[in-house]
Chemist: 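Before I ask anything, here is the structure I am working with.
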Amino acid sequence: MDSSGAITDWSAQAERMFGWSRMEAIGRQMSYTIIPPRYREAHDKGLKKFLTTGEGPVLNKRIEITALSRDGREFPVELAISPAKVGTKWTFSAFMRDLTEQKKAQEALRLGELRYRELFEDIPIGLYRSTPEGQFIDVNPAMVAMLGYWNRETLLATPATSLYVNPADRRRWSAQKQGDVRLVDLDVQLRRADGKVIWVKDTTHVKRSPDGAALLYEGVLEDITDRVEAEHALQANERRLIQILEAAPLGIFVSDETGTPAFANAAAQRMLGSGVVPGRGADELAETYKVYVAGTEDLYPNERMPLVRALAGEITAVDDMEIREGGRVISLTVQGAPILDKDGTLMGAVAAFFDTTEKRSLEAQLRQSSKMEAVGQLAGGVAHDFNNLLTVIMSYSAMLLDQLDPLDPIHEDVHEIAAAADRAAGLTRQLLAFSRQQVMQPRVMNVNDVIVDLEKMLRRVIGEDIELLTLLDPDLGEINADSGQLEQVLMNLVVNARDAMPAGGRLSIGTSNSELSPETATGPLHPPAGDYVMLAVSDTGTGMTHEVQRRLFDPFFTTKDQGRGTGLGLSTVYGIVKQSGGEIYVYSEIGEGSTFKVYFPRIISSAEKRPDEVKPPELCHGTETVLLVEDDANLRLLIARVLGACGYTVLAASGGVEALAIAENPAILIDAVITDVVMPGMNGRELVEKLVDSRPGMGSLLMSGYTDDDVLRRGVLHGETAFLQKPFTPDQLARKVRAVLDRVTIDSAA
Ligand code: ADP
């Protein structure tokens with residue numbers, strides 16, 4: 001540049017930068033070549049001053065100006081001016097560098113940072129940067145707001161670690177410095193400036209130097225208080241729901257979609273036993289306890305299980321499930337239903353268990369008694385006629401035997417007839433016993449006495465391979481029972497026990513007092529609360545399946561070979577026990593043996609005791625007049641014959657009406673009436689009542705094999721009515737008639 005401001009030299013770079021060639025540029029005014037018109041005036045002013053004084057504010061510095069290219073484009077240029085004096089004139093050299101590219105890059109950077117900053121400032125998530133020691137370097141407004149600070153500065157002045165509520169989180173912050181953790185993601189509690197505690201999701205990025213030292217923590221905080229609180233509320237709801245389920249009196253069992261137990265409430269665990277542990281596999285579960293089809297030995301078919309069907313989407317209910325665990329049998333009614341989510345996808349299954357053990361036991365008892373009643377009615381009807389026939393057979397054979405010389409060859413034959421009639425009588429007695437229409441002749445007695453009396457015979461019955469053990473309570477209370485019946489009970493139980501031990505074993509007969517309070521008398525295997533005398537017969541035999549146990553007391557139920565068992569033994573026992581006001585229970589396990597427990601109501605007050613029966617008189621003859629009423633002609637004839645042989649005058653009638661007609665005649669003296677009970681028209685008891693009305697002081701004897709007349713049964717039970725059990729022998733008849741007459745004699749004398 002010369003002193004007039006014209007360009008004197010122009011480099012190749014200048015050519016490229018400004019678009020003027022060297023030839024064109026040299027000689028041109030500088031300001032008209034590279035300075036945009038709006039700056040020219042100022043430029044020329046400065047230039048002029050420099051050319052005259054050699055001074056200027058921009059000399060020997062790098063400054064940035066906007067330059068103009070030949071094509072009119074403006075662009076940034078770095079300019080350095082070095083002045084020089086040629087003679088007395090000032091000139092300068094200008095060195096210029098195009099800054100366009102550099103500026104572009106800088107602008108891009110600036111914009112990027114600006115955008116990041118905007119994001120940092122505007123994002124609704126808390127962001128921070130801090131030293132590993134916990135000194136905040138930067139926090140964004142969202143974080144300031146989240147933590148309740150009123151400006152950024154106060155938060156920046158707060159140590160990061162002091163925000164954590166839990167000391168463990170504070171320790172974690174420091175621990176992050178060590179090791180090589182780079183990302184930490186935790187739900188933590190922070191305390192806001194106002195003291196309120198909030199839940200945040202804290203994701204911290206630990207920046208490390210290449211040697212692993214922590215340099216910087218960069219974190220993201222998301223306020224999740226609402227979510228956590230909702231979760232907590234849900235958990236509280238869940239807890240309450242579980243409490244309700246636990247308290248429910250029905251068993252609730254929940255499995256996941258594979259059938260694996262997920263939940264079992266207390267009642268379910270009680271019913272299903274220890275096997276139900278949430279998370280346990282279904283196979284393991286099935287192994288722990290076995291589910292049977294009620295009353296059978298069959299395992300419950302898997303495909304019928306309500307839970308299994310629930311997993312197939314069905315809602316079902318079954319009431320024939322039985323769980324057996326360690327001798328315990330639980331009957332269950334079970335309902336199953338699938339658990340579906342809102343889209344209908346199977347999530348699992350729920351089963352509800354109702355313990356129906358007690359109900360089933362009651363049902364079984366009801367079935368049993370109605371069965372017994374039906375068979376009993378039938379048996380009673382047959383036994384009535386049968387007893388008359390047997391009385392005739394027994395009496396005539398007894399009378400024949402009396403007349404025959406024991407050495408007579410016929411004697412033995414007649415004896416056989418008598419023995420067969422005896423056996424037949426025994427069978428009829430059994431039939432009647434479970435019909436519960438047998439006339440009981442109970443007395444106050446001690447069960448121990450019956451056992452002791454019978455022991456010798458029992459030993460013979462059971463044979464030598466079986467050990468007999470008796471454990472009799474010496475302080476045993478008394479009961480009111482028919483000793484003949486009690487013998488029958490004992491005999492039947494002992495014979496069954498023997499049959500259950502074909503290879504020998506131990507048979508125990510025990511007695512004890514059993515006082516059952518309402519608390520101890522729980523469960524189906526006890527009689528109701530009260531005082532009892534308990535008779536137990538145990539064996540170490542084969543035991544019984546549940547199916548057998550269920551049908552045990554059924555008349556004609558037997559598992560024994562034809563000829564060995566009648567199936568009447570236990571139904572007889574059952575009938576007798578029930579008639580005596582007692583209860584019977586069986587406990588049995590296959591391969592272990594069985595125990596039968598019989599409970600008889602105990603007589604506590606001695607006032608209930610009745611004096612022992614009058615000993616039957618030895619002398620059976622007499623001259624009194626008796627009125628005999630019997631509808632069976634053969635029997636009537638027989639009795640008249642026996643009593644006539646004893647010396648009595650016998651007035652015979654075939655029924656009530658006829659008897660009353662005879663008694664109407666006041667001229668006829670009648671000392672006693674002997675009458676059958678079951679007769680067409682008027683029954684024996686009614687007849688006696690009528691007769692005694694008109695002839696007070698007259699004796700009476702009722703005869704029967706059985707009766708459905710409760711009034712009569714009660715009368716006999718309380719010793720108010722003289723009674724002769726059919727079938728009887730002539731001897732038994734004569735003794736009984738004598739006893740009746742003698743009592744009458746004594747009574748009328750008094
Ligand atoms: P029976 O003895 O004539 O068969 P019961 O009524 O006395 O008739 O008994 C019925 C069935 O009960 C028997 O056939 C037997 O299967 C079973 N039972 C009874 N007592 C026992 C016992 N102590 N051990 C095993 N099974 C028994």
Side-chain angles (χ1 to χ4, degrees), residues 295-297 324 327 329 364-365 367-376 378-379 423-424 426-436 438 451 454 457-459 461-463 465-471 485-510 525 534-579 582-599:
T296 72
E297 297 310 308
R324 295 171 203 166
V329 178
Q365 282 184 29
R367 262 199 312 277
Q368 178 69 16
S369 42
S370 44
K371 242 183 280 182
M372 300 284 288
E373 203 167 304
V375 178
L378 185 74
R423 281 199 298 279
L427 210 61
T428 333
R429 249 204 316 280
Q430 287 223 329
L431 273 171
L432 285 173
F434 73 72
S435 78
R436 284 193 255 167
Q438 203 176 27
I451 297 171
L454 220 58
M457 214 242 286
L458 293 177
R459 277 187 200 280
V461 167
I462 63 176
D465 292 340
I466 295 170
E467 182 191 355
L468 177 65
L469 220 76
T470 50
L471 293 156
Q485 288 190 338
L486 193 61
E487 282 172 11
Q488 251 180 301
V489 167
L490 203 58
M491 201 64 183
N492 281 326
L493 293 179
V494 166
V495 167
N496 278 337
R498 176 200 66 191
D499 292 348
M501 298 185 284
R506 194 170 57 236
L507 198 167
S508 319
I509 302 175
L525 286 180
M534 199 260 291
L535 163 70
V537 177
S538 304
D539 63 63
T540 55
T542 54
M544 287 170 258
T545 63
H546 286 268
E547 197 159 0
V548 169
Q549 285 185 45
R550 214 160 44 89
R551 304 186 53 194
L552 201 58
F553 297 111
D554 284 3
F556 307 110
F557 172 76
T558 180
T559 59
K560 296 176 190 172
D561 295 340
Q562 184 136 36
R564 273 190 69 81
T566 58
L568 287 179
L570 286 176
S571 36
T572 304
V573 168
Y574 187 89
I576 291 175
V577 170
K578 284 285 174 182
Q579 199 181 9
E583 299 281 348
I584 183 164
Y585 299 101
V586 61
Y587 308 79
S588 182
E589 218 157 314
I590 292 284
E592 299 288 325
S594 314
T595 297
F596 286 83
K597 285 189 177 176
V598 185
Y599 291 84

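Both ligands and their constituent atoms are indexed starting at 1 by order of listing.
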Chemist: Within the 4.0 Å heavy-atom shell around A500, which atoms of ligand 1 are there?
Modeler: 22 (C), 24 (N), 25 (C)
Chemist: Taking atom CZ of R551 and atom CE of M544, what is their separation to the nearest 0.5 Å?
Modeler: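 So the gap between those two atoms works out to 14.0 Å.
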Chemist: To the nearest 0.1 Å, how far is atom 26 (N) of ligand 1 from its closest protein heavy atom, and which atom is that?
Modeler: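 In this structure, atom 26 (N) of ligand 1 has M544 CG, 3.3 Å as its nearest protein heavy atom.
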Chemist: Working to the nearest 0.5 Å, report the span between CD of E583 and CE of M534.
Modeler: 13.5 Å
Chemist: Against ligand 1, does G541 come closer than 4.0 Å with any heavy atom?
Modeler: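 Outside the 4.0 Å threshold, so no.
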Chemist: Are any of the N/O atoms on L570, whether in the backbone or the side chain, positioned under 3.5 angstrom from an N/O atom of ligand 1?
Modeler: yes
Chemist: Who's the nearest protein heavy-atom neighbour of atom 8 (O) of ligand 1, and how far?
Modeler: G567 CA, 3.2 Å
Chemist: Mind checking whether L552 has a heavy atom under 4.0 Å from ligand 1?
Modeler: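 Yes, L552 has a heavy atom closer than 4.0 Å to ligand 1.
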Chemist: Just verifying a value: how many Å separate T542 OG1 and I590 CD1, rounded to the nearest 0.5 Å?
Modeler: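 Reported to 0.5 Å precision, the distance equals 7.0 Å.
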Chemist: Under 4.0 Å from any heavy atom of N496, which atoms of ligand 1 are there?
Modeler: 2 (O), 5 (P), 7 (O), 9 (O), 19 (C), 20 (N), 21 (C), 22 (C), 23 (N)
Chemist: Tell me, which protein residue and heavy-atom name are nearest atom 10 (C) of ligand 1, and how many Å apart are they?
Modeler: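 Scanning the protein heavy atoms, the shortest distance from atom 10 (C) of ligand 1 goes to F557 O, 3.2 Å.
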Chemist: Numbering the atoms of ligand 1 from 1, which are under 4.0 Å from a heavy atom of T558?
Modeler: 1 (P), 4 (O), 14 (O)
Chemist: Here's a test for you: under side chain to side chain contact (heavy atoms under 4.5 Å, CB included), which of L552, N496, L490, V489 qualifies with V573?
Modeler: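 The option that passes is V489.
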Chemist: What is the closest protein heavy atom to atom 16 (O) of ligand 1, and at what distance does it sit?
Modeler: T559 OG1, 2.4 Å
Chemist: For ligand 1, which atoms have a heavy atom of D539 less than 4.0 angstrom away?
Modeler: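 So the atoms of ligand 1 that pass are 22 (C), 23 (N), 24 (N).
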Chemist: Under a 3.5 Å distance rule, please check whether D539 uses its side chain to pair with a backbone N or O of G593 as donor and acceptor.
Modeler: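 Here the side-chain-to-backbone pair does not exist.
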Chemist: Could you tell me whether a side-chain N or O of R498 sits under 3.5 Å from a main-chain N or O of V461, the two making a donor and an acceptor?
Modeler: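 Yes, R498 side chain to V461 backbone: donor-acceptor pair under 3.5 Å.
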Chemist: Quick one: does T595's side chain have a donor or acceptor within less than 3.5 Å of a partner on V537's backbone?
Modeler: no
Chemist: Do ligand 1 and T542 have nitrogen or oxygen atoms that lie under 3.5 Å from each other?
Modeler: no
Chemist: Heavy-atom contact under 4.0 Å between F596 and ligand 1?
Modeler: yes
Chemist: Has R506 got more than 12 heavy atoms of other residues, nucleotides or ligands less than 6.0 Å from its CZ?
Modeler: no
Chemist: Using 30° and 60° as the class boundaries, would you call the ring planes of Y599 and Y585 parallel, tilted or perpendicular?
Modeler: perpendicular
